[in-house]
Peer 1: 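Quick one: the structure is below, questions incoming.
Computation of the quantities below employed the complete heavy-atom set of this structure, encompassing side-chain atoms and omitting hydrogens, waters and symmetry-equivalent molecules. In this chain, residues are counted from 1 in sequence order. Owing to the predicted nature of the structure, the values given are computational and were not obtained by experimental measurement.
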Amino acid sequence: MATIKDVAKLAGVSICTVSRALANKENITPKTMEKVLSAVRELDYKPNYSARSLKIGSTDTLGLIVPDITNPYYPKVAKSIEEYAEKKGYMILLCNSNEDLNKEKRLVDTLKKRNVDGVIILPCSRHIEHFRGFDNAGIPYVFLNRSFKGIANCIPSDNFYGAYTVTKYVIGKGHKNICAAYLGFENQIYQRFEGTMEALREHGLEQCAKQFIFDIKDIQDSYMRIRKVLEGRDRPTALIAANDMLCFGAYSAASDCGLSIPGDFSVTGYDDISMASLMMPPLTSFRQPEDVMAKG
C-alpha cells in the first residue's frame with residue numbers, strides 16, 4: 001500500500017507539500033498540485049484521514065443539525081451549506097433532530113465525540129442551553145436562520161420583514177378577512193407572526209387574528225384545521241402560511257370545500273421550496289436567501 005512518502009518521492013516534492021496539496025491549502029501552484037495528484041492516481045494512494053486528524057487536530061468535518069429533514073426547506077438549506085463547505089474543504093455530517101429536544105441534546109454529545117471542527121444549528125426550539133456543551137469542547141458553532149437575545153453567533157433571516165411583506169402583499173390584493181397558520185410557534189415562527197400582525201395593525205385588520213391557527217402538527221392536521229375554518233360562517237378569503245408545507249393541506253381543504261385558488265381563496269407560503277412552483281396553481285411564497293446564509 002502506497003504511503004505519503006511514496007507520493008512525495010514520485011512527485012518530487014516534500015511530504016509537507018503533499019499534505020498541503022491534498023488538504024487543498026492555498027499557496028500551492030497549479031503545476032505542483034498536478035504533480036501531486038498525478039502521483040496519487042498512479043500509486044492509488046488513499047490518505048489515512050483518521051491519522052491525519054489526530055496529528056493536526058482537525059477532521060475537516062462540520063456538523064449540521066436540522067429540525068425535520070422531511071420538510072423540503074431543510075434539504076434546500078443543507079444543499080447550499082454542503083456546496084459551500086465543499087469549496088472550503090469540509091464534509092458535512094447531517095443530523096436530524098426530528099423536532100425532538102431530547103434527540104437534539106444527544107446529537108450534541110455525538111458531534112462532540114466525533115470531534116467536528118464546527119457545527120451549524122437550526123434548533124427545534126427556543127431551548128438552547130445544551131449547545132453550550134460545544135463551548136466546553138472548544139467547538140465553534142453558529143445558529144442559522146435563528147436569532148436569540150444576547151447570543152452573538154447567529155446568522156438570522158429577517159422573518160419579521162418576510163412575514164410583514166407577504167401580509168402587505170395579500171392586503172394589497174384587496175383581502176380584509178385573512179387567516180394565518182403556524183406549524184409550532186417557536187422563535188422564527190413567532191417573528192413571522194409579529195410581522196403579520198404589524199401589517200394587519202397598520203391597516204386596522206388586527207381582528208383577523210381571531211381566526212389564526214397555531215401549533216399545527218403536520219400536513220394532515222393542516223388540512224383538517226384549515227378546512228374547519230373554511231366551513232365556518234366567517235370564511236376568510238386568504239391564508240398566510242408560516243411555511244410552504246402547510247399549504248399542501250390548505251390546497252386540499254379548499255378543493256374539498258369547492259373553492260378555487262386564488263379565485264375564492266388566496267394562499268401564500270414561506271420558504272419557496274422546490275415543489276411550490278409545481279403546485280396547481282403555483283404557490284406564491286416568500287423566498288429565503290439560503291445561499292447567502294450558507295456563506296455566513
Peer 1: How close do I128 and S125 get, heavy atom to heavy atom, and via which atoms?
Peer 2: CG2-O, 4.1 Å
Peer 1: Can you get from L183 to F160 by hopping between Ile, Leu, Val, Met, Phe, Trp and Tyr side chains that sit under 4.5 Å apart?
Peer 2: no
Peer 1: Strictly below 4.0 Å, N to O, side chains only: are D109 and K113 in salt-bridge contact?
Peer 2: no
Peer 1: Looking at side-chain heavy atoms only, is the closest gap between V108 and F134 below 4.5 Å?
Peer 2: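 The answer is yes; the side chains approach within 4.5 Å.
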Peer 1: For S97 and P67, which heavy atoms make the closest approach, and how far apart are they?
Peer 2: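 Looks like OG-CA, 3.3 Å.
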Peer 1: Any ion pair linking E198 and R201 (charged N to carboxylate O, less than 4.0 Å)?
Peer 2: yes
Peer 1: Is a side-chain donor-acceptor pair under 3.5 Å present for S252 with S255?
Peer 2: no
Peer 1: Please determine, by modelled atom types, if T167 and T196 share a side-chain donor-acceptor pair under 3.5 angstrom.
Peer 2: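 A donor-acceptor contact under 3.5 Å links the two side chains.
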Peer 1: I'd like to know whether Q211 forms a side chain to side chain donor-acceptor pair (under 3.5 Å) with N177, so could you lay out the CA-CA distance, the side-chain angles of the two residues, the decisive distance to 0.1 Å, and finally the verdict.
Peer 2: CA-CA 9 Å; Q211 294 195 98; N177 190 353; 2.7 Å; yes
Peer 1: Assess, by modelled atom type and distance only, whether the side chains of T3 and D6 contain a donor and an acceptor separated by less than 3.5 Å.
Peer 2: yes
Peer 1: Does a side-chain heavy-atom distance below 4.5 Å link Y182 with D215?
Peer 2: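 Answer no - side chains too far apart.
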Peer 1: Applying side-chain contact (heavy atoms from CB on, under 4.5 Å) to M245 and D68, what does each step give before you reach the verdict?
Peer 2: CA-CA 12 Å; M245 291 292 288; D68 181 8; over 6 Å; no
Peer 1: Sequence neighbours left out, what passes ring-ring contact (aromatic ring centres under 6.0 Å, His included) with Y270? Give chain and number order.
Peer 2: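 ring-ring contact (aromatic ring centres under 6.0 Å, His included) check on Y270 returns F286.
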Peer 1: Could you give me the CA-CA distance, side-chain angles and deciding distance for I213 and V229, then say whether side-chain contact (heavy atoms from CB on, under 4.5 Å) is met?
Peer 2: CA-CA 9 Å; I213 307 169; V229 170; 3.7 Å; yes
Peer 1: Looking at R192 and D271, is any side-chain nitrogen of the basic one under 4.0 Å from a carboxylate oxygen of the acidic one?
Peer 2: yes
Peer 1: Scan side-chain atoms only and decide if Q191 and Y161 contain a donor-acceptor pair under the 3.5 Å cut-off.
Peer 2: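 No, no side-chain donor-acceptor contact under 3.5 Å.
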Peer 1: Any side-chain heavy atom of I226 sitting closer than 4.5 Å to one from L239?
Peer 2: yes
Peer 1: State, with a plain yes or no, whether a side-chain heavy atom of D244 is found less than 4.5 Å away from one of M275.
Peer 2: no
Peer 1: Does E231 pair with R227 as a salt bridge, N-O distance under 4.0 Å?
Peer 2: yes
Peer 1: To the nearest 0.5 Å, how far apart are CD1 in I69 and CG in L64?
Peer 2: 7.5 Å
Peer 1: Quick check against the 3.5 Å criterion: does N159 have a side-chain atom that pairs as donor or acceptor with the backbone of S157?
Peer 2: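 Answer holds: yes.
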Peer 1: Only one of L122, I121, I155, I151 forms a side chain to side chain contact (heavy atoms under 4.5 Å, CB included) with R146, so which one is it?
Peer 2: L122
Peer 1: Could you check whether any side-chain heavy atom of F265 comes within less than 4.5 Å of a side-chain heavy atom of H175, counting everything from C-beta outward?
Peer 2: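 Side chain of F265 against side chain of H175, heavy atoms only: no contact under 4.5 Å found.
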Peer 1: Check for me whether the distance between the ring centres of F143 and F131 falls short of 6.0 Å.
Peer 2: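 Distance test on ring centres: under 6.0 Å, yes.
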Peer 1: Apply the test side-chain contact (heavy atoms from CB on, under 4.5 Å) to residues Y73 and D272: give CA-CA distance (whole Å), side-chain angles for both, the deciding distance (0.1 Å), then the verdict.
Peer 2: CA-CA 8 Å; Y73 171 67; D272 192 28; over 6 Å; no
Peer 1: So which heavy atom on C124 is nearest to which on E104, and how close?
Peer 2: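 Closest pair (atom of C124, atom of E104, distance): N-OE2, 2.9 Å.
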